[in-house]
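Input: a single structure, listed below in structure tokens.
Owing to the predicted nature of the structure, the values given are computational and were not obtained by experimental measurement. Every heavy atom of this structure was used, including side-chain atoms; hydrogens, water molecules and symmetry mates were not.
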Amino acid sequence: MTQSETVDPRYMATALTLARRAWQEGDWPVGAVICRGGTLIAEGRGRQCSANDPTAHAEKDALRRARAAENDVTGATIYCTMEPCPMCAHALYLHGITGIVLGARHADLGRSDLGHYSLERFCDMMGYQFQITGDVMRKECVELRRAWGQDPA
């Protein structure tokens, strides 16, 4: 996200719709939307179960679609209903994503399977700073994950 861009909750609402669709179709309820300059570039959702691929996370799905549409997503922003895991954070870093807007964080769910991981710790480790904005539609994102009920505690 560039300094001049502001957070647009409509993108998080779209990501949340994608997360609900993923859950309805038997996948992990996570959605992601990539945008730049006020234009939606790509959408993605969890597809781990339907694709039979444990790496088919919403962020990677959105990145694949964004790269197909734009070829270069450097400087874009991603809206995620769930804090990206280390694999996805690294993929976002490699693609040059600069802004991350979050709904829920792993800590919001009491997850312990990722240890003390957070996006901020990832940034410290990589020496790369995403512009992170949190708590956008947090309540709705947390409620969806709790309703799904499969997060390890």
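With rounding to the nearest 0.5 angstrom, the CG atom of D108 is 7.5 Å from the CZ atom of R146. T98 contributes atom OG1, which lies 11.5 Å from atom CD1 of I78 (distance to the nearest 0.5 angstrom). If you take CD on Q129 and CG on L119, they are separated by 10.5 Å, rounding to the nearest 0.5 Å. Here the straight-line distance linking atom OG1 of T77 with atom CD1 of I41 works out to 9.0 Å at 0.5 Å rounding. Rounded to the nearest 0.5 angstrom, C88 SG and M82 CE are separated by 11.5 Å.
A donor-acceptor contact shorter than 3.5 Å links the side chain of Y11 to the backbone of G38. Of the possible polar contacts, none joining the E59 side chain to the C80 backbone as a donor-acceptor pair under 3.5 Å is found. Y79 contributes a side-chain N or O that, together with a main-chain N or O of D8, makes up a donor-acceptor pair within less than 3.5 Å. No side-chain donor-acceptor contact under 3.5 Å links T81 to the backbone of L16. Proximity of a side-chain donor or acceptor of R45 to a complementary backbone N or O of T17 within less than 3.5 Å is not detected.
The two atoms that bring W23 and L144 nearest to each other are CE3-CD1, 3.3 Å, heavy atoms only. Nearest heavy atoms, K60 versus T55: CD-O, 3.5 Å. Considering every non-hydrogen atom in both C49 and W28, the closest pair reads SG-CD1, 4.2 Å. The heavy-atom pair separating A15 from A32 by the smallest distance is CB-N, 4.0 Å. Across all non-hydrogen atoms, the minimal contact from P29 to A22 is CA-CB, 4.4 Å. The two residues E140 and R20 have their closest heavy-atom pair at CB-NH2, 4.4 Å.
The closest side-chain heavy-atom distance from R47 to D53 is not below 4.5 Å. Side-chain contact between S118 and E83 is present, with heavy atoms from C-beta onward closer than 4.5 Å. Using a 4.5 Å cut-off on side-chain heavy atoms (C-beta onward), R145 and V30 make contact. Side chains of H57 and C85 form a contact here, defined as non-hydrogen atoms less than 4.5 Å apart. I97 is listed as a side-chain neighbour of L63, based on a closest heavy-atom distance under 4.5 Å. Looking at Y128 and F122, their side chains never come closer than 4.5 Å, going by heavy atoms from C-beta outward. Counting only heavy atoms from C-beta outward, the side chains of L102 and P84 approach each other to under 4.5 Å.
Transitive grouping of hydrophobic side chains (ILVMFWY, heavy atoms separated by less than 4.5 Å) keeps M87 and I100 in distinct clusters. L94 and M126 fall within the same hydrophobic cluster, where Ile, Leu, Val, Met, Phe, Trp and Tyr residues are linked whenever their side-chain heavy atoms come under 4.5 Å apart, directly or through other members.
Between R105 and E120 there is a salt bridge, since a side-chain N of the basic residue sits under 4.0 Å from a carboxylate O of the acidic one.
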